Number of protein chains: 2
Amino acid sequence: MAYRQTPAVEARLQDNRSRILAAARALVSEGGWGEAQVANVAAAAGMATGTVYRYFPSKAELFAEVLSAVSQREVDVLAEIARSGGPATPRLHTAVATFVRRAMRNPRLAYALIAEPCDREIDEARLTYRAAISEVIRSIIESGREANEMRTDVRPDVAATVIVGGFMEGLVGPLSPLGRQQRRTTEAYRREVAQLADQIALMACASVAAPPSNVRRIPRRPT
Amino acid sequence: MAYRQTPAVEARLQDNRSRILAAARALVSEGGWGEAQVANVAAAAGMATGTVYRYFPSKAELFAEVLSAVSQREVDVLAEIARSGGPATPRLHTAVATFVRRAMRNPRLAYALIAEPCDREIDEARLTYRAAISEVIRSIIESGREANEMRTDVRPDVAATVIVGGFMEGLVGPLSPLGRQQRRTTEAYRREVAQLADQIALMACASVAAPPSNVRRIPRRPT
DNA sequence: ACAAGGAGTGAACGATCATTCACACTGCGC
DNA sequence: GCGCAGTGTGAATGATCGTTCACTCCTTGT
């Protein structure tokens with residue numbers, strides 16, 4: 001054999017792979033799924049179209065990995081919040097508000113990953129992560145129930161799904177600051193986002209809060 | 001002039017147009033947007049592809065009209081509920097639960113019209129009707145505020161958007177009965193749907209209910 | 001140097017569909 | 001019956017993109 005995978009080569013391969021992913025992500029982040037074409041990715045990564053296919057078997061798998069990387073990070077952040085101590089209600093509030101705030105840091109990307117029409121295959125990866133987020137929310141609700149903070153007359157999985165749908169829509173819906181792409185860095189924009197995040201989080205908490213009668217009946221101490 | 005639009009001809013034209021719309025709707029209702037191809041529509045309506053273009057300028061306009069017809073009906077139903085008398089909270093509950101129950105009568109169609117990935121142009125018509133639904137919900141919230149039934153610390157339009165997102169997701173989300181297409185007519189299925197609708201509606205109401213403290217603290221009269 | 005074989009290339013291919021258009025057909029008034 | 005003009009036709013067109021592959025270019029061990 002006159003050829004072997006030396007570290008140098010392997011490093012280059014890794015680098016190419018990363019460049020492809022980075023280029024793909026950048027394209028989605030700027031132009032949404034419309035720009036997300038293999039030829040564009042190759043051009044942005046400074047290589048030929050065919051080369052992309054040395055690293056990814058198909059467009060769908062490439063972009064699924066992009067989506068996966070971004071989404072997993074968000075799931076991790078939420079899971080961390082869910083795991084932190086204290087009563088469930090503030091944890092839920094923080095989780096929702098944090099998600100909204102983080103998403104608003106890159107609205108175009110968030111829109112593409114959450115709501116923009118796209119290929120069925122990419123869409124499926126999307127569902128996976130939406131389910132993962134829903135699962136984290138469910139776990140918070142579950143713990144809130146155990147502590148008697150939260151209502152028991154709705155199934156936790158249903159409640160989680162509804163909450164996730166609610167904040168996703170609040171995030172990308174027509175009245176969200178998403179439309180006004182301009183002054184994304186101004187103080188006014190930041191305040192607006194913070195306020196929106198807080199309101200959405202408030203509603204999420206209220207939608208699963210135990211009715212007062214419940215709370216009164218069982219006075220308890222935090223764990 | 002050796003030709004004029006006789007009533008007989010006009011009737012046939014109208015009929016063709018209706019047949020196209022019906023065929024298009026049926027296709028979406030069975031196979032979603034994947035089946036929604038102009039050639040398929042023509043075949044289902046028993047005519048040639050080109051004929052469809054005598055009645056609709058483009059695929060997008062054709063399907064936008066399909067979506068419009070179905071959605072407008074739902075908006076009307078919700079508006080009727082919103083307009084009915086009584087306190088706002090039960091009206092909100094009824095509106096949400098009714099929407100969910102009605103959508104469940106044709107889950108495949110509902111999924112396509114609400115959530116399935118589709119062309120940008122069709123998607124825009126979708127947004128219009130989602131906004132219309134949101135508007136109806138907002139009006140209920142608004143009246144609930146005036147009657148001091150509902151919280152005043154979230155913007156009504158934000159609240160409406162979040163609620164709409166919540167029930168849409170609850171409707172088409174992974175845990176909805178949408179997946180199990182089978183026994184759509186059994187009693188068990190019907191009960192399941194009714195229960196889901198009720199739970200989603202309960203959450204919607206809770207998310208905008210006035211906290212007890214508010215009601216006590218700020219007894220104010222409507223403007 | 002050199003051969004072996006992996007990596008890079010990008011023009012060409014092919015699949016999918018919306019859309020068109022030259023032509024045939026049909027109902028109409030004369 | 002005759003010819004006009006609206007209507008129906010469906011094969012052909014064209015545009016878009018994902019994917020391929022015959023070829024060249026490198027890297028590496030001898």
Side-chain angles (χ1 to χ4, degrees), chain A residues 1-21 23-24 27-28 31-66 116-125, chain B residues 1-20 23-24 27-28 31-66 117-125:
Chain A
M1 70 195 86
Y3 186 94
R4 215 169 22 88
Q5 193 102 327
T6 52
V9 171
E10 190 172 347
R12 181 166 50 85
L13 296 194
Q14 280 301 336
D15 183 58
N16 277 351
R17 197 169 197 285
S18 308
R19 291 229 315 288
I20 294 171
L21 284 169
L27 281 173
V28 173
W33 298 116
E35 293 297 305
Q37 295 163 18
V38 179
N40 287 359
V41 172
M47 55 183 75
T49 309
T51 308
V52 172
Y53 284 87
R54 296 260 182 217
Y55 294 86
F56 297 90
S58 71
K59 176 192 176 176
E61 292 224 14
L62 163 57
F63 283 99
E65 188 161 332
V66 169
E116 188 179 9
C118 69
D119 299 359
R120 196 172 315 279
E121 281 169 301
I122 299 174
D123 200 50
E124 271 155 30
Chain B
M1 71 197 84
Y3 188 94
R4 217 169 20 92
Q5 194 103 325
T6 52
V9 171
E10 190 173 347
R12 181 166 50 84
L13 295 193
Q14 280 301 336
D15 183 57
N16 277 350
R17 197 169 197 284
S18 308
R19 291 230 314 288
I20 294 171
L27 281 173
V28 172
W33 298 116
E35 294 298 305
Q37 295 161 20
V38 178
N40 287 357
V41 172
M47 55 183 76
T49 309
T51 308
V52 172
Y53 284 87
R54 295 263 183 216
Y55 294 86
F56 297 90
S58 72
K59 176 190 177 178
E61 293 222 16
L62 163 57
F63 283 99
E65 187 161 332
V66 170
C118 69
D119 299 358
R120 196 171 314 280
E121 280 168 303
I122 299 174
D123 201 51
E124 271 156 29

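Residue numbers begin at 1 in each chain, while the letters A, B, ... track the order of the sequences. No experiment lies behind these values; they were computed from the predicted model shown.
Sorted by first and then second residue, the side-chain hydrogen bond (donor to acceptor under 3.5 Å, both in side chains) pairs with a member in residues 48-65 of chain A read Asn16(A)-Tyr55(A), Arg17(A)-Glu65(A); sequence neighbours excluded.
Not counting sequence neighbours, the partners of Ala64(A) by the side-chain contact (heavy atoms from CB on, under 4.5 Å) test are Ala125(A). The side-chain contact (heavy atoms from CB on, under 4.5 Å) test applied to Glu35(B) returns Leu27(B), Asn40(B), not counting sequence neighbours. Residues that satisfy the salt bridge (Lys or Arg N to Asp or Glu O under 4.0 Å) test with Arg120(B), not counting sequence neighbours, are Glu116(A). Remark: Ala36(B) pairs with Val28(B), Trp33(B), Phe63(B) by the side-chain contact (heavy atoms from CB on, under 4.5 Å) rule, at least two apart or across chains.
If you measure from atom CE of Met47(A) to atom C1' of dG10(C), you get 14 Å, rounded to the nearest angstrom. For Ile122(A) and dG18(D), the CD1 to C1' distance is 12 Å, given to the nearest whole Å. Summarising the geometry, the separation between CD on Gln37(A) and P on dA15(D) is reported as 16 Å, rounded to the nearest angstrom. As a whole-Å value, the separation of Asn40(A) CG from dT16(D) P is 13 Å. Taking atom CZ on Arg120(B) and atom C1' on dT16(D), their separation rounds to 14 Å, with Å as the unit. In this structure, Asp119(A) atom CG and dC17(C) atom C1' are separated by 15 Å, rounded to whole Å. Distance CD (Glu61(B)) to P (dA18(C)): 15 Å, rounded to an integer number of Å. The CG atom of Asp15(B) sits 15 Å away from the C1' atom of dG8(D) (whole-angstrom rounding).
The two residues Val41(A) and Ala23(A) have their closest heavy-atom pair at O-CB, 3.8 Å.
Across residues 50-60 of chain A, Gly50(A), Thr51(A), Arg54(A), Tyr55(A) each have a non-hydrogen atom less than 4.0 Å from an atom of DNA chain C (numbered order).
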